[in-house]
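My structure is below; once you've seen it, I'll send some questions.
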Amino acid sequence: MNAICIREFGLLIQGEAAGHGLEVGGIASSAAWAFLENLAFSNEKKNRFIETAAFKGRKALRVLNFVGVITTPDGTQIEILPKTSEYEQDVKDTRQLLWKMLCRTENLTYLESTDAQLMLREQRLPEALISIFLHHCAALVRRGIHKDYERIASEEPFLRGRLNLTCQLRQAPGRGHMFQIEYDIFSENRAENRLLHAALRQILGWNTSECHQRLARELRDAFDRVPVSSDHAGDFHRWRTGRDMIHYQPVLPWIRLILNMQSPFAIKDQHAGISLLFPMEQLFEKYVAHMLRAQLASRNLLLRTQLRDHHLSLSPLVFLLKPDMGIYSDKQLACILDTKWKLIDQEITYRNGSTDPKSGINQPDMYQLYAYGQRYLGGKGPMALIYPKWTRFDAPLTPFDLGGGLTLSVLPYDMQSDVCDGLMALL
């Protein structure tokens, strides 16, 4: 199996691509290249995660700001990691960062041990995902598969349970010796087990390591008497969360992910294996919100996400304004936050050598925040744009004075320590 690892906005070329790190990956298989090229041309613009490009005069494909994994029909796996620096990145550390973000935002729990963390660093994304799911599934099987009473309706030559008089009276002539009965059996056939069986079957259809295939087969044998779920959405709706099902809860988000119920972008190809893509802009926003919510709660501050309280136009009431986050103190909006997954540069200079105070911030983003401040804060109060922290953006910028008491701070968020420098000073 050809395994390729690149980062956001990395290039894919046909053939060898040695010596380019995470910037360029080489696709050896012509079938895999044709599959990816077809994706680049067929994706709708709003859902596009790969596009055509060029590299040293050769045809190339560029992945956009998505992270995750794409698997082609011939088994070629392309792992896409976050771009956390303009320079070279350590694959193990970047992979660990991605798993940390996914576990916090998608509720993908895993063993918080040294061995588990080392495993996530060493294994590629799909193998690590499968390994953790199988661990949770094995723990569940050891504890015991949950059973429940299931109502069975049957036609038998003997009485058992309850006689269904309505069906019995409608019995066809010559079948009076058969009884229409209903009875309960203590069965493993329940929604949770059907979904687990389906997820194990899905893994067995993927091109994974031999140890994972062996463990998946062993676990599948434990579900031999359980039918495979044919209605994923319905069975997820029927999933019970009572006290007797607590040991099933850790595996639920993993089943959703494996059955392509949770990933915003899953390639719809039954032969493409595991293909899960997450928009990095949304993942960063959700991660920052998750981490800040807990930090602010200790100061009796409330964080709300995706505010929908005001419009840009008052008459007619159109153009809804949706800031990423708002911080509330005593039910009053105290600060507006917006996140952007972009590496800005506080050391960028003009041609004459003077420092550029914009630091690479997009002008439309400033217009957007100004509109938020006018409608949500009445033109007076603090706002903040949050970008990921890296070597060339490691301290808050000088705040922008937008007039009338409205200020905008540009703050770095440290993905390692989960500290947003300068945020608490605004509150």
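Just so it is clear, the model here is predicted, and its values are computed rather than measured.
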For a side-chain contact (heavy atoms from CB on, under 4.5 Å) check, start with the C-alpha distance between Ile258 and Ile203, then their side-chain angles and the critical distance, and finish with the verdict.
CA-CA 8 Å; Ile258 290 170; Ile203 288 175; 3.9 Å; yes

Assess the residue pair Trp239 and Gln249 against the criterion (side-chain contact (heavy atoms from CB on, under 4.5 Å)); give the C-alpha distance rounded to whole Å, side-chain angles, the decisive distance to 0.1 Å, and a yes or no.
CA-CA 10 Å; Trp239 186 287; Gln249 300 317 306; 3.4 Å; yes

How long is the span from the CG atom in Leu64 to the CG atom in Leu61, to the nearest 0.5 Å?
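So the gap between those two atoms works out to 10.5 Å.
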
Hey, are Lys322 and Asp309 close enough for a salt bridge, meaning a charged N less than 4.0 Å from a carboxylate O?
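No, this pair does not count.
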
Taking all atoms of both residues into account, what is the closest heavy-atom pair of Ser85 and Arg7, and its distance?
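Distance-wise, the nearest heavy atoms are O-NH1, 2.6 Å.
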
To the nearest 0.5 angstrom, please state how far the CG atom of Leu423 sits from the CD1 atom of Ile386.
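Interatomic distance, Leu423 CG to Ile386 CD1, rounded to 0.5 Å: 6.0 Å.
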
Which residue in the set Arg170, Gln168, Gln171 passes side-chain hydrogen bond (donor to acceptor under 3.5 Å, both in side chains) when paired with Gln180?
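Considering Arg170, Gln168, Gln171, a side-chain hydrogen bond (donor to acceptor under 3.5 Å, both in side chains) with Gln180 is found only for Gln171.
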
Are any non-hydrogen side-chain atoms of Met415 and Met101 less than 4.5 angstrom apart?
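Met415 reaches Met101 side chain to side chain.
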
Does Glu155 pair with Arg175 as a salt bridge, N-O distance under 4.0 Å?
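Yes, Glu155 and Arg175 are salt-bridged.
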
Looking at Arg225, I want to see if its CZ is surrounded by more than 12 non-hydrogen atoms of other residues, nucleotides or ligands under 6.0 Å.
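Open.
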
Testing the basics here: between Ser229 and Leu195, what is the closest heavy-atom pair and its distance to 0.1 Å?
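So the minimum-distance heavy-atom pair works out to OG-CD2, 3.7 Å.
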
Under 3.5 Å: donor-acceptor pair, side chain of Ser29, backbone of Ala31
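Flag set: sc Ser29 to bb Ala31 pair under 3.5 Å.
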
Is the backbone N or O of Val226 less than 3.5 Å from a side-chain atom of His197, with the two atoms forming a donor-acceptor pair by type?
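Yes.
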
Any chance NE2 of His177 has more than 12 other-residue heavy atoms, nucleotides or ligands included, within less than 6.0 Å?
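Yes.
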
Which pair of non-hydrogen atoms, one from Phe284 and one from Lys340, has the smallest distance, and what is that distance?
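Minimum heavy-atom separation between Phe284 and Lys340: CE2-O, 3.7 Å.
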
Looking at Leu321, is its backbone amide N or carbonyl O close enough to the side chain of Tyr376 to form a donor-acceptor pair, meaning the two atoms are under 3.5 Å apart?
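Confirmed, Tyr376 side chain pairs with Leu321 backbone.
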
Polar contact flag, side-chain donor to acceptor under 3.5 angstrom, Glu127-His212:
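Yes, His212 and Glu127 have a side-chain donor paired with an acceptor closer than 3.5 Å.
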
Minimum side-chain heavy-atom gap Leu204-Gln213 below 4.5 Å:
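In contact.
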
Flag the pair Cys5 / Leu81 as yes when at least one side-chain heavy-atom distance between them is below 4.5 Å, and no otherwise.
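Yes. Closest side-chain heavy atoms under 4.5 Å.
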
If you draw a 6.0 Å radius around CZ in Phe319, do more than 12 non-hydrogen atoms from other residues or ligands fall strictly inside?
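No.
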
Distance (rounded to the nearest 0.5 Å) between Ile80 CD1 and Ile6 CD1
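Interatomic distance, Ile80 CD1 to Ile6 CD1, rounded to 0.5 Å: 5.5 Å.
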
So, Arg240 and Asp148, do they make that salt bridge, N to O below 4.0 Å?
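Between Asp148 and Arg240 there is a salt bridge, with a charged N closer than 4.0 Å to a carboxylate O.
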
Short side-chain to backbone donor-acceptor contact, Asp338 and Asp324, under 3.5 Å
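Judged by distance alone, yes, a pair lies under 3.5 Å.
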
Report yes or no: do Asp418 and Tyr287 form a side-chain donor-acceptor pair below 3.5 Å?
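Yes, Tyr287 and Asp418 have a side-chain donor paired with an acceptor closer than 3.5 Å.
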
So, are Asp93 and Arg95 salt-bridged, with charged N and O less than 4.0 Å apart?
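The answer is no: the pair does not qualify as a salt bridge.
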
Checking Glu8 against Trp341: is there a side-chain donor and acceptor pair closer than 3.5 Å?
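Yes, Glu8 and Trp341 have a side-chain donor paired with an acceptor closer than 3.5 Å.
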
Taking the side chain as C-beta and beyond, is there a heavy-atom pair between Asn193 and Phe223 under 4.5 Å?
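Counting from C-beta outward, Asn193 and Phe223 do come under 4.5 Å.
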
Please say whether more than 12 non-hydrogen atoms of neighbouring residues, nucleotides or ligands are located less than 6.0 Å from CZ in Phe9.
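Yes - once you tally the heavy atoms of other residues, nucleotides and ligands closer than 6.0 Å, there are more than 12.
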
Do Val288 and Met325 have side chains that get closer than 4.5 Å, going by heavy atoms?
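The answer is yes; the side chains approach within 4.5 Å.
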
Can a salt bridge be assigned to the pair Asp224 and Arg220 using a cut-off of 4.0 Å between side-chain N and carboxylate O?
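Salt bridge absent between Asp224 and Arg220.
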
Under 3.5 Å, side chain of Lys100 to main-chain N/O of Gln416, donor-acceptor pair present?
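Checked: pair present.
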
For residues Ser359 and Leu397, report the shortest heavy-atom separation together with the two atoms involved.
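Closest approach of Ser359 to Leu397: OG-CD1, 3.7 Å.
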
Is the gap between the ring centers of Trp254 and Phe133 under 6.0 Å?
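Aromatic pair excluded; centres sit 6.0 Å or further apart.
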
Go through the steps for Asp231 and Arg238 under the test salt bridge (charged side-chain N to carboxylate O under 4.0 Å, His left out), then give the verdict.
CA-CA 11 Å; Asp231 176 17; Arg238 287 185 282 270; 3.7 Å; yes

Answer yes or no: does atom CD of Glu16 have more than 12 heavy-atom neighbours from other residues, nucleotides or ligands under 6.0 Å?
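Open: at most 12 neighbouring heavy atoms sit under 6.0 Å from CD of Glu16.
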
For Leu292 and Cys420, work out which heavy atoms get closest and say how close.
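Smallest heavy-atom distance, with atoms named: CD2-CB, 4.4 Å.
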
Side chains of Ile70 and Leu277, heavy atoms from C-beta outward: is any pair under 4.5 Å?
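Yes. Closest side-chain heavy atoms under 4.5 Å.
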
For Tyr328 and Gln332: C-alpha separation, side-chain torsions, deciding distance, then whether side chain to side chain donor-acceptor pair (under 3.5 Å) applies.
CA-CA 5 Å; Tyr328 289 79; Gln332 294 295 318; over 6 Å; no

When you look at Ser187 and Asn189, which way does the side chain to side chain donor-acceptor pair (under 3.5 Å) test go after all the steps?
CA-CA 5 Å; Ser187 169; Asn189 182 15; 5.1 Å; no

Distance (rounded to the nearest 0.5 Å) between Thr339 OG1 and Leu411 CG
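Here the interatomic distance stands at 12.0 Å.
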
Tell me, which pairs form a salt bridge (Lys or Arg N to Asp or Glu O under 4.0 Å) where one or both residues lie in residues 275-296, sequence neighbours left out?
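Listed by first then second residue: Glu106-Lys286.
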
Please lay out, stage by stage, how Met280 and Lys83 fare under the test side-chain contact (heavy atoms from CB on, under 4.5 Å).
CA-CA 9 Å; Met280 198 59 206; Lys83 183 176 180 179; over 6 Å; no

Is there a side-chain contact between Arg190 and Lys147 (heavy atoms, below 4.5 Å)?
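The answer is no, as the side chains (C-beta and beyond) never meet within the 4.5 Å cut-off.
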
Could you give the distance from CD1 (Ile4) to CD1 (Ile78), rounded to the nearest 0.5 Å?
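These two atoms lie 5.0 Å from each other.
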
So which atom in Ala191 and which in Asp235 form the shortest heavy-atom distance, rounded to 0.1 Å?
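Minimum heavy-atom contact is CB-O, 3.5 Å.
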
Between atom NE2 of His290 and atom OG1 of Thr305, what is the distance when rounded to the nearest 0.5 Å?
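Result: 12.5 Å between the selected atoms.
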
Checking Asn65 against Phe49 for the side-chain contact (heavy atoms from CB on, under 4.5 Å) test, could you report, in this order, the C-alpha distance in whole Å, the side-chain angles of both residues, the deciding distance, and whether it holds?
CA-CA 7 Å; Asn65 58 328; Phe49 53 86; over 6 Å; no

Sub-4.5 Å side-chain heavy-atom contact between Leu320 and Arg308
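Leu320 reaches Arg308 side chain to side chain.
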
